[in-house]
Amino acid sequence: VYLDGSLVADTCKFKLVFKPKLWEGKTLCEAGTNRRWIGYDITGEIEAWKTTPLYKKKVTEYIESGETPEFTIQAVSEDKHSDYYEINKGEAITAIGCVFTDEIPLIDMDTDGDVVKESLKFGAYDLAA
């Protein structure tokens, strides 16, 4: 997973979802319900071990400038042990205009000595394959 071109080296999990917005209605010549895509929503979640203060930096920049930070996130799957890889030799997708949509952890200390894992939800306005 790459965030604005920088490798998020310790990514644990990445999910990107396309959800169509639907129009549903009846037409005169059909007994069933007709459906058409009239838009979409792209959402995702990235989970990684905390290794940099990137998100804190973006929050600080927003507070100072008032400009919503947008990211480009690219996911590349090259798992050579996957059955999918045998057929397709991997895949890649890029989410464009990503904006975080949930809590952004700025600092997370714990007495157990565990490595901190960050999970951030986002929305995007476009995709590139």
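The hydrophobic clustering, which links ILVMFWY residues whose side-chain heavy atoms are closer than 4.5 Å, places I96 and V76 apart. I93 and V99 are members of different hydrophobic clusters when ILVMFWY side chains are connected at heavy-atom separations under 4.5 Å. In the hydrophobic cluster analysis, where Ile, Leu, Val, Met, Phe, Trp and Tyr join through side-chain heavy atoms closer than 4.5 angstrom, L106 is grouped together with L3. If you chain together hydrophobic residues whose side chains sit under 4.5 Å apart, I63 and I104 fall into the same group. The same ILVMFWY cluster, assembled from side-chain heavy atoms under 4.5 Å apart, contains both V59 and Y55.
Side-chain contact between T33 and K26 is present, with heavy atoms from C-beta onward closer than 4.5 Å. Side-chain atoms of F122 and T43, non-hydrogen and from C-beta on, never get closer than 4.5 Å to each other.
Taken to the nearest 0.5 Å, the CD1 atom of I107 stands 6.0 Å off from the NZ atom of K56. For the atom pair CG of L54 and CD of E118, the computed distance is 9.0 Å after rounding to the nearest 0.5 Å.
The shortest non-hydrogen separation linking G97 to E70 is CA-OE1, 3.7 Å. Closest of all the heavy-atom pairs between L120 and E103 is CD2-O, 3.7 Å.
Atom CD of E24 is surrounded by more than 12 heavy atoms from other residues, nucleotides or ligands within 6.0 Å. Within a 6.0 Å radius of CZ in F18, more than 12 heavy atoms belonging to other residues, nucleotides or ligands are found.
Classification of the F71-F100 ring pair by plane angle, with boundaries at 30° and 60°, yields tilted.
For residues 120-129, there are no side chain to side chain donor-acceptor pair (under 3.5 Å) pairs, not counting sequence neighbours.
Members clustered with W23: I38, by chain and number, using a 4.5 Å side-chain heavy-atom cutoff among hydrophobic residues.
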Verdict with reasoning, L16 to I73, per side chain to side chain contact (heavy atoms under 4.5 Å, CB included): CA-CA 10 Å; L16 190 61; I73 302 174; over 6 Å; no
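The pair K117-E47 meets the salt-bridge criterion, with a side-chain N (NZ, NE, NH1 or NH2) lying under 4.0 Å from an Asp/Glu carboxylate O.
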